[in-house]
Amino acid sequence: MSEEKQTPRTDISTLGEFGLIDRLASGITIRRKETIKGIGDDAAVLDYGGEPVIVTTDLLVEGIHFDLMYYPLKHLGYKAIIVNLSDICAMNAIPKHVTVSIAISNRFSVEAIDELYDGMKTACEAYDVDLIGGDTSASLKGLIISVTAIGSIQKEKITYRSGAKPGDILCVTGDLGAAYLGLQILEREKQVYLASPETQPQLSERKYLVGRQLKPEARLESVQYFQKVGLLPTAMIDISDGLASDLMHICKASGVGAFVEEAQVPIHDEARMQAMEFRLDPITCALHGGEDYELLFTVDPKDLDKVRFMDSVYIIGEITPKEDGIQLHTSGGQIHPITAQGWVHF
Ligand code: ADP
Ligand code: MG
């Protein structure tokens, strides 16, 4: 028998995405005085003198993040930019520049890539952002898009995930769960099409939900409103993974707990109806759906009036001491722990 030592092999699934990032981050040291914030927030913060520079990056992989059977390339290009701008907004900063890198297989035509870039250019125009570079490569299979966004804001206005205190009010900028339900509709229509390609897709009744999935927006106008009225959230994150996960990130980074009032969580009527049709609980879709790209933020109670006058902002709960954990106060008057992954079992 060989005396050779076996190299350990651990499945990535044992760590999960967040566990893996924690593990990678634990081995990384910050050397430069310019690095104000490295790994661990929606974006990194760099100080080169003058306004700090805010940097974030996101990767979209065909078959993992999007399915080209129902994702038009123009929308995909738009979304690839938006998801990055959303992370800049989550720092309370103004997005200004993006770089775009793509890997494409020979399955894609020049016209297809033109469509993708049309969507990106539309997003850059809508958000007043310059596309300043990138990289292009062939890929063996499928399309990969990597976007980096760069923004800036005065140092004292940057909001981190880590500033929430017990007693702070928990707010969200728009309704939740719709993008997830839009995706479920597109998936269902794909299955129908695969079974019988002659049938026409039934999307017209659920325009809002499909639109929330295919054409997300970043909440730049909320950031602009904060600046206008002099409101500084104590903590902020964008909701990309679902209210439960993203609230957990704020709580973990701030060392606090929180409660969410089920009855106050904004859910669009169309989302409510569609959830019922899929035999899903609407609040479960709002908590775990993801891809809403709304801002989840906390404010000191003294700033409550400034929040009340804000368009489409909902007060959904409160920050509590860490020992209280993260709780859902249900409409039926019960209290349930909110867990970050999977579905809440009532
Ligand atoms: P978001 O959902 O806001 O895009 P992520 O959950 O993707 O944030 O990332 C959380 C933090 O971990 C960020 O600071 C991000 O830059 C960092 N991060 C993610 N993946 C890696 C990686 N492979 N190496 C180093 N840092 C990473
Ligand atoms: Mg984010």
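Order of listing sets the numbers, starting from 1, for every ligand and every atom in it. Keep in mind that what you see is a predicted model, and the values were worked out from it rather than measured.
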Q) With a 4.0 Å cut-off, strictly under, does atom 21 (C) of ligand 1 pick up any protein heavy atom? A) no
Q. Is the count of non-hydrogen atoms from other residues, nucleotides or ligands lying under 6.0 Å from Lys322 atom NZ greater than 12?
A. no
(Q) Would you say that Lys74 contacts Thr122 through its side chain, given a criterion of any heavy-atom pair below 4.5 Å between the two side chains? (A) yes
Q | Aromatic ring pairing His249/Phe18, orientation class (parallel under 30°, perpendicular over 60°, tilted between) | A | perpendicular
Q: May I ask you to check whether Ser152 and Lys96 show a side-chain donor-acceptor distance below 3.5 Å?
A: yes
Q.
Distance under 4.0 Å to a non-hydrogen atom of Asp42: what atoms of ligand 1 satisfy this?
A. 3 (O)
Q: Could you tell me whether Glu277 and Arg206 make a salt bridge, using a distance below 4.0 angstrom between a side-chain N and a carboxylate O?
A: yes
Q) Does ligand 1 have a heavy atom under 4.0 Å from the side chain of Asp87, from its backbone, from both, or from neither? A) side chain
(Q) Show the atoms of ligand 1 that are less than 4.0 angstrom away from any heavy atom in Ser240. (A) 2 (O)
Q. Out of Leu24, Val83, Ile21, Ile39, who gets a non-hydrogen atom closest to atom 25 (C) of ligand 1?
A. Ile39
Q. Among protein atoms, how many N/O/S atoms lie less than 2.8 Å from the Mg ion (ligand 2)?
A. 3
Q. Ligand 1 and Thr57, any nitrogen or oxygen pair closer than 3.5 angstrom?
A. no
Q.
With a 4.0 Å cut-off on N to O distance, would you call Arg272 and Glu270 a salt bridge?
A. no
Q) Should we count NZ of Lys157 as having more than 12 external heavy atoms under 6.0 Å? A) yes
Q) Got the closest protein heavy atom to atom 7 (O) of ligand 1, with its distance? A) Glu17 OE2, 4.2 Å
Q: Please determine which of Asp87, Asp246, Asp41 meets the salt bridge (Lys or Arg N to Asp or Glu O under 4.0 Å) test together with Arg161.
A: Asp41
Q) Between Asp11 and Arg9, is there a side-chain N and carboxylate O pair less than 4.0 Å apart? A) yes
Q | Within one Ile-Leu-Val-Met-Phe-Trp-Tyr cluster: Val313 and Leu232, side-chain cutoff 4.5 Å | A | no
Q. Should Gly38 be counted as touching ligand 1, given the test is an N or O pair under 3.5 Å?
A. no
Q: Measure from atom 15 (C) of ligand 1 to the protein's non-hydrogen atoms and state whether any distance is below 4.0 Å.
A: no
Q) Of the backbone atoms (N, CA, C, O) and the side-chain heavy atoms from C-beta on, which set of Arg161 has a member under 4.0 Å from an atom of ligand 1: side chain, backbone, both, or neither? A) side chain
Q: Give a yes or no on this: more than 12 heavy atoms of other residues, nucleotides or ligands lie within 6.0 Å of atom CG of Leu194.
A: yes
Q. Asp58 heavy atoms, cut-off 4.0 Å: which ligand 1 atoms fall inside?
A. 4 (O)
Q.
Angle between ring planes, His329 versus Phe259, binned at 30° and 60°: parallel, tilted or perpendicular?
A. parallel
**Q.** Enumerated ligand 1 atoms positioned under 4.0 Å from heavy atoms of Asp41
**A.** 11 (C), 13 (C), 14 (O)
Q. Any N/O of Asp241 closer than 3.5 Å to an N/O of ligand 1?
A. no
